[in-house]
Amino acid sequence: MPSEETRRVLKVFGVAVTSLEDATTAEDRAKWGAEVSERLREVHELVDRLRGKK
């Protein structure tokens, strides 16, 4: 069963991607593009931690 951390990381990543998809101005696309990059970094860190579990 997914942990609360996993749920949170995936939720905020999904919100950021959806917001990027919905962005209508160049400013919003830049803002949400940066947010997606940051959230993707968190997803990568989570996956690395999960891989390291025994």
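Both backbone and side-chain heavy atoms feed into the values below; hydrogens, waters and symmetry mates do not.
Val15 and Val17 fall into different hydrophobic clusters, where Ile, Leu, Val, Met, Phe, Trp and Tyr side chains are chained together by heavy-atom contacts under 4.5 Å. Both Val36 and Val47 are part of a single hydrophobic cluster, where members link through side-chain heavy atoms under 4.5 Å apart.
Applying the salt bridge (charged side-chain N to carboxylate O under 4.0 Å, His left out) test to pairs two or more places apart or on separate chains, those with a residue in residues 12-36 are Glu35-Arg39.
Residues passing the side-chain hydrogen bond (donor to acceptor under 3.5 Å, both in side chains) test with Arg41, sequence neighbours excluded: Glu38, Glu45. Under the side chain to side chain contact (heavy atoms under 4.5 Å, CB included) criterion, Ser37 pairs with no residue, sequence neighbours left out.
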Sequence neighbours left out, cut at 3.5 Å: what donor-acceptor pairs do the side chains of residues 1-14 make with other protein atoms?
from: Ser3; atom 1: OG; to: Glu5; atom 2: N; distance (Å): 3.4
from: Ser3; atom 1: OG; to: Thr6; atom 2: N; distance (Å): 3.1
from: Ser3; atom 1: OG; to: Thr6; atom 2: OG1; distance (Å): 3.1
from: Glu5; atom 1: OE2; to: Arg49; atom 2: NH2; distance (Å): 2.3

